[in-house]
Amino acid sequence: QMHLVESGGGLVQAGGSLRLSCAASGRTFGRYAMGWFRQAPGKGREFVATFSWSGGSTYYADSVQGRFTISRDDAKNMVFLQMNSLKPEDTAVYYCAGRMYCGASCYASPGDYVSWGQGTQVTVSA
């Protein structure tokens, strides 16, 4: 199983940008499709972005579509989340996660993922 470590969170003003990074250890990185989730205080874990199983497509939550971009560097076993035009409602702990193949439509539920990082806090001030 992979070990995932997120970094890059912090405090930013509304309209600003942050780039989150996720470093994966282990030789099995290529066996996983990677994604990002977030969890705000008092709320459940919410899907943010992911790759399709083939890696040829990306999927985003409606709330971040057009503002966030997921990318990966397979040579370095890393996944990134570029977040632009941040809003106060983007404030949450952001988690990197990996899933094994579970079907073409299987990607947006936390239960679809088997490996999780510890999370990184993103706070957007108004």
K.L.:
Can you name the closest pair of heavy atoms from Gln39 and Lys43 and give their distance?
P.N.:
NE2-O, 3.0 Å
K.L.:
Tyr32 and Met2: side-chain contact (heavy atoms from CB on, under 4.5 Å), yes or no, with the steps?
P.N.:
CA-CA 9 Å; Tyr32 294 81; Met2 289 190 302; 3.4 Å; yes
K.L.:
If I take atom OG from residue Ser105 and atom CH2 from residue Trp53, how far apart are they, to the nearest 0.5 angstrom?
P.N.:
14.0 Å
K.L.:
Would a single hydrophobic cluster contain both Val48 and Val114, if residues Ile, Leu, Val, Met, Phe, Trp and Tyr are joined by side-chain heavy-atom contacts under 4.5 Å?
P.N.:
yes
K.L.:
Is the shortest side-chain heavy-atom distance between Glu46 and Ser63 below 4.5 Å?
P.N.:
yes
K.L.:
State, yes or no, whether a side-chain contact exists between Leu86 and Phe68 at a heavy-atom distance under 4.5 Å.
P.N.:
yes
K.L.:
Please report the closest heavy-atom contact between Ala40 and Ala92, naming both atoms and the distance.
P.N.:
N-CB, 3.8 Å
K.L.:
Around atom CD of Gln13, are there more than 12 heavy atoms of other residues, nucleotides or ligands at under 6.0 Å?
P.N.:
no
K.L.:
Show, in sequence, the C-alpha distance, side-chain angles and deciding distance for Asp112 and Phe47, and conclude whether the side-chain contact (heavy atoms from CB on, under 4.5 Å) test is met.
P.N.:
CA-CA 11 Å; Asp112 298 335; Phe47 167 73; over 6 Å; no
K.L.:
Look up atom OH in Tyr94 and atom SG in Cys22, then write down how far apart they are to the nearest 0.5 Å.
P.N.:
15.0 Å
K.L.:
State the OG-CG distance between Ser25 and Leu4, to the nearest 0.5 angstrom.
P.N.:
7.0 Å
K.L.:
For side-chain contact (heavy atoms from CB on, under 4.5 Å), just list the numbers for Ser17 and Met83, CA-CA rounded to whole Å, side-chain angles, deciding distance to a tenth of an Å, and then say yes or no.
P.N.:
CA-CA 5 Å; Ser17 298; Met83 306 186 296; over 6 Å; no
K.L.:
Using 0.5 Å steps for rounding, measure from the OG atom of Ser7 to the CE atom of Met78.
P.N.:
6.0 Å
K.L.:
Apply side-chain contact (heavy atoms from CB on, under 4.5 Å) to the pair Arg67 and Asp90, showing each step before the final yes or no.
P.N.:
CA-CA 11 Å; Arg67 300 188 297 123; Asp90 294 319; 2.8 Å; yes
K.L.:
Do Tyr101 and Met34 land in one hydrophobic cluster if side-chain heavy atoms of ILVMFWY residues count as linked below 4.5 Å?
P.N.:
no
K.L.:
With a 4.5 Å cut-off on side-chain heavy atoms, are Leu18 and Val122 touching?
P.N.:
yes
K.L.:
Leu20 and Phe29: same hydrophobic cluster, using ILVMFWY side-chain contacts below 4.5 Å?
P.N.:
yes
K.L.:
Quick check with a 6.0 Å cut-off and a 45 degree axis cone: is Arg38 positioned over the face of Tyr95's six-membered ring?
P.N.:
no
K.L.:
Heavy-atom distance under 4.5 Å between the side chains of Tyr107 and Phe51, does that happen here?
P.N.:
no
K.L.:
Please determine whether ring pair (Phe, Tyr, Trp, His ring centres under 6.0 Å) holds for the pair Phe37 and Tyr113, giving the CA-CA distance in whole Å, both sets of side-chain angles, and the decisive distance to 0.1 Å.
P.N.:
CA-CA 10 Å; Phe37 283 75; Tyr113 293 75; 4.9 Å; yes
K.L.:
Under 6.0 Å from the six-membered ring centre of Phe80 and within 45° of its axis: does the NZ or CZ of Arg19 meet both?
P.N.:
yes
K.L.:
I'd like to know if the side chain of Thr120 and the backbone of Gly9 have a donor-acceptor N/O pair within less than 3.5 Å.
P.N.:
yes
K.L.:
Is it true that a side-chain atom of Ser52 and a backbone atom of Ser57 form a donor plus acceptor pair closer than 3.5 Å?
P.N.:
yes
K.L.:
Supply the atom-to-atom distance Thr50 OG1 to Leu81 CG, rounded to the nearest 0.5 angstrom.
P.N.:
11.0 Å
K.L.:
Would you give the length of the straight line joining atom CD1 of Ile70 to atom SG of Cys96, rounded to the nearest 0.5 angstrom?
P.N.:
8.0 Å
K.L.:
Go through the side-chain N and O atoms of Ser115 and Arg99 and say whether any donor and acceptor fall under 3.5 Å apart.
P.N.:
no
K.L.:
Side chains of Tyr60 and Thr69: any donor to acceptor distance under 3.5 Å?
P.N.:
no
K.L.:
May I ask you to test the Arg72-Asn77 pair for a side-chain heavy-atom distance under 4.5 Å?
P.N.:
no
